[in-house]
Q: 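Right, I'll just put the structure down here and ask away after.
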Amino acid sequence: MAARPDLAGEILLYGRPWRRDNAALSRTLDWLVVVIMFIAVTAAFHLHFMLTVGDWDFWVDWKDRQYWLTATPIVLIMFPAALQYVFWEKFRLPIAATMAMLALTVGVWMSRTFGFQMWSYFPLSLVWPATMIAGGLLLDAVLLLTGSALLTAIVGGMSFGLVFYPANWPLLAPYRLPVETMNSLVSVGDYIGYAYTRTATPEYLRFIERGTLRTFGSHSAAVSAFFSGFVCILMYLLWWYIGMFLARVMTVPNRLKGAMGLDDDAAGGAETRA
Amino acid sequence: MNAGRRAAAFVLACLALATGAEALAHGERNQEPFLRMRTAHFYDVTWSTTRVAVNEDVVVEGRFRLFEDWPVNLPEPDVAFLGNGTPGPVMARTESWINGQPAIQSTALVRDRDYHFRTVLKGRIPGRHHVHPMINVEGAGPLLGPGQWVEVSGRAEDFRLPITTLDGRTIDNLEHWATGSVIGWHLVWVVLAVAWLGWWVRRPLLLPRLVALDEGRERALITRADRVAGAALVVVVVAVTAGGFLWAEQTYSRTIPLQGGRAVIKPLPRDPGNAVEVVVERATYDVPGRSMKIRARITNGSPRHLQFGEFATSNLRFVNRALPAAVARVDGGYPDDLVARNGLTVADNTPLAPGESRVVELEMTDAAWETERLTSLLNDPDNRVGGLLFCYAEDGARLIANVSGAIVPIFTDNATAMAH
């Protein structure tokens, strides 16, 4: 337990005495920030996810072994990586990736429930979202255990890409059962996508695996997952540094101070503190 | 308008929104005329019924021709899909066929050739829905056929879409198939995530940690218990993932990937006697008179005597009411608003003998040009008119010719436009 009562009227937080009222105020701030940040990340991450992964996650007949599997982790790792920089470097909190994934999960379920089901009549069997939390948990755990952005990128990033498909397979497998309809072989997911009309999304718009990547045994999922994991390593590092850039505290001196009759000593270049 | 009336109008507007005022069709008239006149021409379209209960079928059937004079700004119909224009999934599509071949996949279509289509739709969401056949062409978008109002009655909760898988499972309703599993697995991961967040959030979070980190007390922030918890988390995540994967492999041992192939569907065979050639000499649209006039040289290359019974464009039918064979072809279930009241007038409709070539004047005068918003073709950069001319022989045989050509607007009330 980090908080330990040692002194009368004071409390020890992480080895430093805090006045109890200040500690209580700080705790209130914690909750305010947690709630606001969760809502903000939900909105921003969900928007990012819809605009990038979009249809691959919207529809069960887009969740293929090649593009969905490759693109989703690559896009998903951006927010967690940037947030991990802030949470880890400023607060030593290994929770950013999990928090981001949980926020996204809340966002996608709201979207699918209110937008896709209740507003547009699509059944849940067509529009259920993939689960992404497993990768977030692994990223946080690896960052905690290694304390290194580079190792988190290599081990965590690769794990992030690799875990996506097996974590979703229990959800997806029932939709990959084969059925015969109109003398044709299709999967249950194909048929659901066919049956529930998306007027402006005809079959050919599906950006899905049309071959097998010419892999041995036609197991393109494994190839896609490894490729995705590899790109996730790069994306993680890129977005870690984007997080670093965006988290700079920067002040810009007011160059009009002199004209306003104030002391313009401070006029000069921007000050930056990482 | 006084404040009271404004308030009343506002309340009425809010009520209209709140009660879900009926949406009239879904904007098919907003499609540019060149799309509607010179791409897919639907004809002989029928709806098996216009009233169904939830779970009952409507069969939409007919033919379409991909126009010879396809707009230059659209890609060729090399990838196309037979869809249905409905307000979303208010009806479930259980079957679709083109020329007797399954149309569950996309296919290539050929210009200036005809196709028969058949779509079976099952009532799902109660309401009054505008139902069109539709061809989606990659790069060109949705090309709508005629729309008919279909009323679906009953309760949406009663809808069922059953299917049997090849491994013998009977799925009672695809609407809810495996959704319990989806929700359950999501909950498993959410519980793990909340537990992990709770492990950290239970302690002071922000300012005390920021201060401690600034003062170099990192060891106080990450304890041994935290590291053990992190290691345990990795084990749990891997175990749950592997366990779930193996469970799914055992439970659903025979699975297939998404099917993304293309169907190969040949067009209907050409009728060797279907050889009517139409060369448009001049076409005008009289804006104030709402009248289209086409002067064309028509050559009968068929072995039959022919008369001109109908001009159809953009699902709008101008039927020559003086020709019984043409009138008989208008199905009673065809939407009234798409059969022009004034029909087609042919200046000289004496039978065109085999091998004969004659200049014929066709006149289609009707307010439907405006109501269907086809007159905006005058704003198109590629200002051409297109349609199908249905010719009838004495024995009732029907031959279909393409009509296309440039069109000139007449902005004045000049009844002698054709004379220019």
Side-chain angles (χ1 to χ4, degrees), chain A residues 2-3 13-16 26-27 29-30 33 61 64-65 90-93 95 98-99 102 105 120-125 128 131 133-134 137-138 141 144-145 163 166-167 169-171 173-174 176-180 182-184 186-187 189-190 192 194-197 199 202-204 208-210, chain B residues 79 81 83-86 88-90 92-93 95 102 104-106 125 136 138 161 163 165-166 174-179 182 185-186 189 192-193 196-197 200 203-213 217-218 220-222 230 233-234 237 241 244-245 247-248 252 255-260:
Chain A
L13 298 182
Y14 305 116
R16 187 184 200 279
S26 162
R27 195 62 178 148
L29 179 71
D30 283 350
V33 171
D61 62 339
D64 72 326
R65 302 184 304 184
K90 305 295 182 189
F91 307 105
R92 280 294 183 273
L93 277 172
I95 59 170
T98 305
M99 188 272 290
L102 188 62
T105 301
S120 303
Y121 305 128
F122 290 112
L124 181 59
S125 56
W128 56 266
T131 177
I133 291 174
L137 288 167
L138 284 178
L144 168 67
L145 295 174
V163 81
W169 185 240
L171 290 74
R176 292 293 169 268
L177 293 173
V179 294
E180 182 182 349
M182 291 177 277
N183 313 320
S184 304
V186 292
S187 70
D190 284 307
I192 290 175
Y194 166 80
Y196 296 95
T197 307
T199 314
E203 189 280 328
Y204 58 75
I208 60 166
E209 173 191 18
R210 305 275 179 186
Chain B
V79 182
F81 181 71
N84 47 280
T86 49
V90 294
R93 180 173 51 217
E95 292 178 38
I104 192 167
Q105 304 289 13
S106 303
I125 304 291
N136 290 90
E138 191 172 40
L161 188 59
I163 202 165
T165 65
L166 288 183
L174 285 174
E175 197 99 344
H176 306 298
W177 168 240
T179 52
V182 167
W185 279 101
H186 266 278
W189 290 111
L192 275 173
W196 179 245
L197 294 178
W200 295 92
R203 286 172 275 182
L205 271 183
L206 301 173
L207 290 179
R209 297 186 73 94
L210 182 70
V211 170
L213 198 59
R217 287 192 301 278
E218 187 172 350
L221 297 178
I222 305 289
L233 182 66
V234 173
V237 169
T241 303
F245 186 84
W247 169 81
Y252 307 103
T255 56
I256 59 169
L258 290 176
Q259 298 300 295

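Bear in mind the structure is a predicted one, so any value in this text is a computation, not a measurement. Just so it is clear: chains get the letters A, B, ... in the order the sequence lines come, proteins before strands, and each one is counted from 1.
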Q: State the CG-CD distance between A/Asp61 and B/Gln259, to the nearest 0.5 angstrom.
A: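 A/Asp61 CG to B/Gln259 CD: 12.0 Å, rounded to 0.5 Å.
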Q: For the interface with chain B, which of A/Val33, A/Ile133, A/Asp64, A/Asn183 has the highest count of heavy-atom pairs at distances below 4.5 Å?
A: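 Maximum pair count with chain B is reached by A/Ile133.
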Q: Which answer fits B/Val237, side chain, backbone, both or neither, if we ask what part of it has an atom under 4.5 Å from a heavy atom of chain A?
A: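 The side chain, not the backbone.
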Q: Quick one: closest heavy-atom pair of B/Gly260 and A/Ile208, and the distance?
A: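 For B/Gly260 versus A/Ile208, the nearest heavy atoms are CA-CD1, 4.0 Å.
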Q: Quick one: CH2 on B/Trp196 to OG1 on A/Thr98, what's the gap to the nearest 0.5 Å?
A: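 Rounded to the nearest 0.5 Å, the CH2-OG1 separation comes to 7.5 Å.
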Q: Can you tell which part of B/Leu174 gets under 4.5 Å to a heavy atom of chain A, answering side chain, backbone, both or neither?
A: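 For B/Leu174, backbone and side chain are both near chain A.
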Q: Below 4.5 Å from any heavy atom of chain A, which atoms of B/Trp177 appear? Answer side chain, backbone, both or neither.
A: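 Both parts, backbone and side chain.
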Q: For each of B/His186, B/Glu218, B/Glu175, tally heavy-atom pairs with chain A at distances under 4.5 Å, and name the one with the top tally.
A: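 Result: the option with the highest number of such pairs is B/His186.
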Q: On a heavy-atom basis, which atom in B/Gly85 and which in A/Thr199 lie closest, and how many Å separate them?
A: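 Where B/Gly85 meets A/Thr199 most closely, the heavy atoms are CA-CG2, 4.1 Å.
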Q: So which part of B/Gln105 gets closer than 4.5 Å to some heavy atom of chain A, the side chain, the backbone, both or neither?
A: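 For B/Gln105, the contact with chain A is made by backbone and side chain together.
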Q: side-chain contact (heavy atoms from CB on, under 4.5 Å), that's the test. Do A/Val186 and B/Ile104 meet it? Break it down for me.
A: CA-CA 9 Å; A/Val186 292; B/Ile104 192 167; 3.8 Å; yes
Q: Distance-only, no hydrogens or angles: does the B/Arg217 side chain make a donor-acceptor pair with backbone N or O of A/Tyr14 under 3.5 Å?
A: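 Pair found, side chain donor or acceptor close to backbone of A/Tyr14.
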Q: Pair B/Thr179, A/Trp128 - check side-chain contact (heavy atoms from CB on, under 4.5 Å), show working.
A: CA-CA 8 Å; B/Thr179 52; A/Trp128 56 266; 5.6 Å; no
Q: Quick one, B/Arg209 and A/Leu13 - any side-chain contact, counting heavy atoms below 4.5 Å?
A: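 A side-chain contact under 4.5 Å is absent here.
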Q: Side-chain contact test, heavy atoms from C-beta onward, threshold under 4.5 Å: evaluate it for B/Asn136 versus A/Tyr204 and give yes or no.
A: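 Side chain of B/Asn136 against side chain of A/Tyr204, heavy atoms only: contact under 4.5 Å found.
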Q: Between the main-chain N or O of A/Tyr194 and the side-chain N or O of B/Arg93, is there a donor-acceptor pair closer than 3.5 Å?
A: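 Checking the backbone N and O of A/Tyr194 against the side chain of B/Arg93, a donor-acceptor pair under 3.5 Å is found.
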Q: Taking A/Arg27 for the side chain and B/Arg203 for the main chain, is one N or O donor matched with an acceptor at less than 3.5 Å?
A: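 Pair found, side chain donor or acceptor close to backbone of B/Arg203.
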Q: A/Glu180: what forms a side-chain hydrogen bond (donor to acceptor under 3.5 Å, both in side chains) with it, not counting sequence neighbours?
A: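 Per chain and number, A/Glu180 pairs via side-chain hydrogen bond (donor to acceptor under 3.5 Å, both in side chains) with no residue.
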Q: Between B/Ala178, B/Pro208, B/Pro102, B/Gly83, which has the largest tally of heavy atom pairs under 4.5 Å with chain A?
A: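 That would be B/Pro208.
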Q: Does any part of the side chain of A/Thr105, heavy atoms only, come nearer than 4.5 Å to the side chain of B/Trp189, both counted from C-beta?
A: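 B/Trp189 vs A/Thr105: side chains apart.
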Q: Output yes when a side-chain donor or acceptor of A/Arg92 lies under 3.5 Å from a complementary backbone atom of B/Ile222, and no otherwise.
A: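 It does not hold such a pair.
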Q: What verdict does the side-chain contact (heavy atoms from CB on, under 4.5 Å) test give for B/Leu233 and A/Leu144, after you've listed the backbone C-alpha separation in whole Å, the side-chain angles of each residue and the deciding distance to 0.1 Å?
A: CA-CA 11 Å; B/Leu233 182 66; A/Leu144 168 67; over 6 Å; no
Q: Select one option (side chain, backbone, both, neither) describing which atoms of B/Leu206 are under 4.5 Å from chain A's heavy atoms.
A: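 Both backbone and side chain.
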Q: Would you check if the side chain of A/Glu203 reaches a backbone N or O of B/Ser106 as a donor-acceptor pair within less than 3.5 Å?
A: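 Yes, A/Glu203 side chain to B/Ser106 backbone: donor-acceptor pair under 3.5 Å.
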Q: Shorter than 4.5 Å, heavy atoms on both sides: which option in A/Leu29, A/Leu102, A/Leu93 has the most such pairs with chain B?
A: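 Of the candidates given, the most pairs with chain B belong to A/Leu93.
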Q: Give me the ring orientation class for A/Trp169 and B/Phe245: parallel if the planes are under 30° apart, tilted from 30 to 60°, perpendicular past 60°.
A: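 Correct class here is tilted.
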Q: If you round to the nearest 0.5 Å, how far is CZ of A/Arg176 from OG1 of B/Thr165?
A: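 If we round to the nearest 0.5 Å, B/Thr165:OG1 and A/Arg176:CZ are 14.0 Å apart.
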Q: With the side chain counted from C-beta on, respond yes when A/Leu177 and B/Leu166 share a heavy-atom pair under 4.5 Å apart, and no when they do not.
A: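 They are not in contact (no side-chain heavy atoms under 4.5 Å apart), so the answer is no.
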Q: Out of A/Ala141, A/Ala134, A/Ala167, return the one with the most heavy atom pairs under 4.5 angstrom to chain B.
A: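 Ranked by contacts with chain B, first place is A/Ala134.
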Q: For the candidates A/Ser184, A/Gly189, A/Ala173, which exhibits the highest count of non-hydrogen atom pairs separated by less than 4.5 Å from chain B?
A: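 Ranked by heavy-atom pairs under 4.5 Å with chain B, first place is A/Ala173.
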Q: Please check: side-chain N/O of A/Asp30 versus main-chain N/O of B/Pro204, any donor-acceptor pairing under 3.5 Å?
A: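 Looks like no, no N/O pair under 3.5 Å.
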Q: What is the minimum heavy-atom distance between A/Ser26 and B/Leu207, and which atoms define it?
A: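 Heavy atoms only, the tightest pair is OG-CB, 3.9 Å.
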Q: Can you name the nearest heavy-atom pair linking B/Ile256 to A/Ser187, along with the distance?
A: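 Result for this residue pair: CD1-N, 3.6 Å.
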Q: Of all residues at least two apart in sequence or in a different chain, which pass the salt bridge (Lys or Arg N to Asp or Glu O under 4.0 Å) check with B/Glu95?
A: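 Once residues adjacent in sequence are excluded, the partners of B/Glu95 under the salt bridge (Lys or Arg N to Asp or Glu O under 4.0 Å) criterion are B/Arg118.
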Q: Within a strict 4.5 Å, meaning less than it, do heavy atoms of the B/Leu192 and A/Leu137 side chains meet?
A: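 With C-beta onward as the side chain, the pair touches.
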Q: Name the region of B/Ile125, side chain, backbone, both or neither, that has any atom closer than 4.5 Å to a heavy atom of chain A.
A: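 The answer is the side chain of B/Ile125.
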